[in-house]
Student: 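The structure that follows is given in the form of structure tokens.
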Number of protein chains: 2
Amino acid sequence: MSYFFSRLIISTNFETQVASLNITDYLATKASLIDEAMDTLIPSAGDFPKNLNKAVRHSLFAGGKRLRPVLTLASAEAVGGDSSLAINTAVALECIHTYSLIHDDLPAMDDDDLRRGRPTCHKAYGEATAILAGDSLLTIAFELIANSKNISSEKIVQIIKEVSKGAGGVGMIGGQILDIESEGTEVEFAFLEQIHSYKTGALIVASIRSGAIIGGANEAELQALSSYGRKVGLAFQIADDILNVESTAEVLGKAVGSDEEREKATYPSLVGLKESKELAAELLEGALEALTSFDEKALPLRLIAEYAVARKK
Amino acid sequence: MSYFFSRLIISTNFETQVASLNITDYLATKASLIDEAMDTLIPSAGDFPKNLNKAVRHSLFAGGKRLRPVLTLASAEAVGGDSSLAINTAVALECIHTYSLIHDDLPAMDDDDLRRGRPTCHKAYGEATAILAGDSLLTIAFELIANSKNISSEKIVQIIKEVSKGAGGVGMIGGQILDIESEGTEVEFAFLEQIHSYKTGALIVASIRSGAIIGGANEAELQALSSYGRKVGLAFQIADDILNVESTAEVLGKAVGSDEEREKATYPSLVGLKESKELAAELLEGALEALTSFDEKALPLRLIAEYAVARKK
């Protein structure tokens, strides 16, 4: 079945798509591969203090979607590379994502008790340990990348630059601070987009670019994938905002309606649900367009983009 | 003046030493070099959110001793290398040290209001921003190392391994968690030594080894410097414990007597002040012994070891 045919079916009937690649299976397969690698790569005993380790694992193995590491693997494949070389980097990106959730959930930040259907890290292990577990995951991330096997040191250095930028002050951390500072204030649409592109988009772009670099992408491919990543990242965040309004705590495994309660600027609060959904659909279209020069090896990336918007949790 | 002569004078009269190298001047010169580099390397404007940047700089430019980065530069020089190549790594290590102070000072951890004579980061900017400022500094650290100029990618990767290990779960973070968990409990001497070697020693050893790697150290030199680092790190921590008992808040720029208040296991609380001082002196002797095969280029390292024990704040 050609890509275009699959694409058509997927677009018209995502839930029951009969595409050549089943995205649910693909995500599940990659996620279990990542979970296995995490289990091996993240210290579980030895000299690592026991409680720190428990807290780290409590949050890491809570059944996340593994979107970022899957994007890393899928991007390596999209440019014809061997995604098994990207496993350390993929796990590193999940570590960074998880650390950000642990810190965001802290009482001083979003003060959330529930995450992925389980008590948040500080609820289970106390605040001090949660802060340190987050710090530890961020540190492990760079250690893991540095310890990548069968990748040149040049590429490793390049990936560390990508990841540190995406996770830092002009990336994820910067977005979080803008987000916190904007609570309870009037936010312009452009500023909301900046918050989201920093907070979620930057690390997603880094995940994609890192995988592509490992896979041997050329500059044009990297540019196209970055564009894809920015759009998917934003679409993903808009979908998150929508779910926070429309879904239930049972389905999401975390509190809903919390954005409104905190007077957080979100797409639904700024432009309404309908326009938010249209915007997400437009971004999806743009993300797919960015991949037009890629062959069928980019099918997983295309399907992930659809999933980012259509997902129910 | 020969090294041995300098050494003799320094040992007998540290405060008024007339050594060929004045350690106070050396530390001041290197510290100002590091401060200048920090000012250039740490984002101060542009896309970096303003409040995050302010909080980061509040803590970074609070007049710290810059011990870790100075050790990095001095270690590069000790093995005959060009310490200017180590400047990014040196700044990175100060960023990591500073992030650890910001997080340690948080209400959930040590709950300190004063640090280096100024309000702690969370006192000045609020808890959420302080957590993120710490996260940001840790992230910047790895970005800075990756952006080192005129060092091979192989060496950069090696340094990231050293630094992430020293800062992580079997290093600084691990030590912090053991320290917190041991508060109010009976601690054996060996365990206290483990806490300290994790909490302070590991990052000091990483600082030294990173500088030495950049300077082109061979394996024997790295081994000797690691031994020096472990001893200096422990001596430095014992000196800290002693100052927490004997000094004043005015001199230290932070609370004194706080260890006792928190029933923290320290060297003075475990073996008394007198034995603690003897232990520090022994460690100093051992640190100097570890450097016997080094020539006069290691004089700064020797003097820093003396300073670590003899300092008044």
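No experiment lies behind these values; they were computed from the predicted model shown. Here is how names work: the chains are called A, B, and so on, in the same order as the sequence lines, proteins then strands, and each is numbered from 1.
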Student: Who passes side chain to side chain donor-acceptor pair (under 3.5 Å) against Glu186(A), sequence neighbours left out?
Tutor: none
Student: Need one label for Leu132(B): side chain, backbone, both or neither, based on atoms under 4.5 Å from any heavy atom in chain A.
Tutor: both
Student: For Thr139(B) and Ser164(A), work out which heavy atoms get closest and say how close.
Tutor: CG2-O, 3.3 Å
Student: Please state whether the side chain, the backbone, both or neither of Lys155(A) comes within less than 4.5 Å of a heavy atom of chain B.
Tutor: neither
Student: Mind checking the CG-CG spacing from Leu178(A) to Leu52(B)? Nearest 0.5 Å is all I need.
Tutor: 9.0 Å
Student: Could you walk me through whether Asp135(B) and Asp135(A) pass the side chain to side chain contact (heavy atoms under 4.5 Å, CB included) check?
Tutor: CA-CA 7 Å; Asp135(B) 294 345; Asp135(A) 295 345; 3.6 Å; yes
Student: If you round to the nearest 0.5 Å, how far is CD of Gln176(A) from OG of Ser136(B)?
Tutor: 12.5 Å
Student: Can you name the residues of residues 89-108 of chain A that have some heavy atom under 4.5 Å away from a heavy atom in chain B?
Tutor: Tyr99(A), His103(A), Leu106(A), Ala108(A)
Student: Determine whether more than 12 heavy atoms belonging to other residues, nucleotides or ligands lie under 6.0 Å from atom CD of Glu154(B).
Tutor: yes
Student: Between Ile159(B), Leu138(B), Ile156(B), which shows the greatest number of heavy-atom pairs under 4.5 Å with chain A?
Tutor: Leu138(B)
Student: Quick one: CD1 on Ile131(B) to CD1 on Ile131(A), what's the gap to the nearest 0.5 Å?
Tutor: 5.0 Å
Student: So with a 6.0 Å cut-off around NZ of Lys161(A), is the heavy-atom count from everything else above 12?
Tutor: yes
Student: For chain B, find its close neighbours in residues 142-149 of chain A: heavy-atom separation under 4.5 Å, sorted by number, or none.
Tutor: Phe142(A), Glu143(A), Ala146(A), Asn147(A)
Student: So for Ile177(B), is it side chain, backbone, both, or neither that comes closer than 4.5 Å to the heavy atoms of chain A?
Tutor: both
Student: Just to verify, what does Asn150(A) make a side chain to side chain contact (heavy atoms under 4.5 Å, CB included) with, not counting sequence neighbours?
Tutor: Leu85(A)
Student: Measuring heavy-atom distances to chain A, does Glu181(B) have an atom under 4.5 Å in its side chain, in its backbone, in both, or in neither?
Tutor: side chain
Student: So does Lys199(B) have more than 12 non-hydrogen atoms from other groups sitting under 6.0 Å from NZ?
Tutor: yes
